[in-house]
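Here is how names work: the chains are called A, B, and so on, in the same order as the sequence lines, proteins then strands, and each is numbered from 1.
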2 protein chains.
Amino acid sequence: MDKDLTTEQKILEAARKIFLAKGLDGARMQDIADEAGINKAMLHYYFRSKDKLFQQIFAEVAGHFLPKIMAIFESEKTLFEKIETFCHEYISQVVQTPYVPIFILNEINRHPEEFLKKLFRNQMPPVQKMVKQLEKENEQGIIKKVEPLQLLLNVLSLCIFPFVAKPMIQIITGMDGTGFNEMMEQRKREVSTLIINSIKK
Amino acid sequence: MDKDLTTEQKILEAARKIFLAKGLDGARMQDIADEAGINKAMLHYYFRSKDKLFQQIFAEVAGHFLPKIMAIFESEKTLFEKIETFCHEYISQVVQTPYVPIFILNEINRHPEEFLKKLFRNQMPPVQKMVKQLEKENEQGIIKKVEPLQLLLNVLSLCIFPFVAKPMIQIITGMDGTGFNEMMEQRKREVSTLIINSIKK
DNA sequence: GTCTATATTCCGATAGAC
DNA sequence: GTCTATCGGAATATAGAC
């Protein structure tokens, strides 16, 4: 389980798992210590407090995922290619770590403090670039006239929401984890064709 | 503030507000007592324990919202009418209580215990009825052939996700609450036309 | 650096007077 | 029914030996 990681690495790995599963308020330092296979006192030796440890984990998790979203409209591809790429890559990745989206969204809801705002302001999506591309491809007659924010919300909603609602979906449909993943695999094409057809002229 | 409600009503009102804002793990009995303007001991006098109080609140909140969702495909209208009605009514309602969706989804994630499953099994959506309507309208040449679960997920994702991500959206775009509500007003048409165009033949 | 033991704070729950 | 005071346990955090 622990291989030959340093103690600090073991703590971070355990803390990520526990915080993702239980959230800041629900997680116990004892849970993290047990998961890491070490003593509770070590957590404070390395990270001083529960809050400090959490902030590091949150910064890592959010700092890894938000850029993926922000980069949707960064590259130099056509809009259609960007949308298709995003849907496939995002779903492929989050299938591996399905609790990340609700973890991030929930913690933002519960603790909308300053450090959160800073985290986001440093990663403002290139909205202007996206707007320009929309205008350009509209003039070229490739796509319809669309509201940028609504389009962005459509893509994010369709890709992310199923993960946020995963337990509810499984309860209602009776699916197991594998069934859910297969459904999400199918969903890559579903979402990208839905979006593209909605803006294609 | 408290008007002439009974003590029990004051407690329930306060508990709903605090639990919605902080979740089960983050809420304190003291917070609820303060919000209700009464003493902490009264909470136990009326509801015995924090857990009992929470379960009552959760059952009320979920019991009020889930049937709305389940009823999407209950009525006798055409599919197009159902979708349009749902988008408008759901968004109108949740604008009034924007934290309900993430509250429900988060608690299901954190505590997928038996009482949750029961709550849902009592409210199984009429999937079969929906499937039949899809087949029928498909044969009549009104709509394309579609995957029922994917269609359902599309509608729910597009309507619900923006509320789940509301704080993040506001931070990123710089919107205030009013701006968000205006955007959601616009979104009623955005979502229903997007969905309907995707299945219309 | 790692552990055991302990301090300290916080919080859910109860006892008991009114 | 409502309050004050307090208990008892749990959780974060620290002290100190090794």
Undergrad: Angle, rounded to 10°, between the helical axes spanning five pairs at each terminus of the helix from C/dG1-D/dC18 to C/dC18-D/dG1?
TA: 10°
Undergrad: Taking side chain as C-beta onward, heavy atoms only, is B/Leu24 less than 4.5 Å from B/His111?
TA: yes
Undergrad: Please check this pair: side chain of B/Glu137 against backbone of B/Leu79, looking for a donor-acceptor N/O pair closer than 3.5 Å.
TA: yes
Undergrad: Is a side-chain N or O of A/Lys10 found less than 3.5 angstrom from the main chain of A/Asp4, in a donor-acceptor match?
TA: no
Undergrad: How would you label the contact of B/Ala27 with the nucleic acid (heavy atoms, under 4.0 Å): base, sugar-phosphate, or nothing?
TA: sugar-phosphate
Undergrad: With a 4.5 Å cut-off on side-chain heavy atoms, are A/Val100 and A/Val94 touching?
TA: no
Undergrad: Do other residues, nucleotides or ligands put more than 12 heavy atoms under 6.0 Å from the NZ atom of B/Lys132?
TA: no
Undergrad: Under 4.0 Å from any heavy atom of chain A: name the first and the last nucleotide of DNA chain C that qualifies, 5' to 3'.
TA: C/dG1 to C/dT4
Undergrad: Is A/Gln140 atom CD crowded by more than 12 heavy atoms from other residues, nucleotides or ligands, each under 6.0 Å away?
TA: yes
Undergrad: Mind listing the residues from residues 39-53 of chain A sitting with a heavy atom below 4.0 Å of DNA chain D? Number order is fine.
TA: A/Lys40, A/Ala41, A/His44, A/Arg48, A/Ser49, A/Lys50
Undergrad: Any chance NZ of A/Lys145 has more than 12 other-residue heavy atoms, nucleotides or ligands included, within less than 6.0 Å?
TA: no
Undergrad: Is the backbone N or O of B/Leu158 less than 3.5 Å from a side-chain atom of B/Arg187, with the two atoms forming a donor-acceptor pair by type?
TA: yes
Undergrad: In whole Å, I'd like the distance from the CG atom of A/Asp31 to the C1' atom of D/dT12.
TA: 13 Å
Undergrad: Does any N or O in the side chain of B/Asn106 come within less than 3.5 Å of the main-chain N or O of B/Ile102, such that one atom is a donor and the other an acceptor?
TA: no
Undergrad: Determine whether more than 12 heavy atoms belonging to other residues, nucleotides or ligands lie under 6.0 Å from atom NZ of B/Lys17.
TA: no
Undergrad: Rounded to the nearest angstrom, tell me the gap between atom CZ in A/Phe54 and atom P in D/dA13.
TA: 14 Å
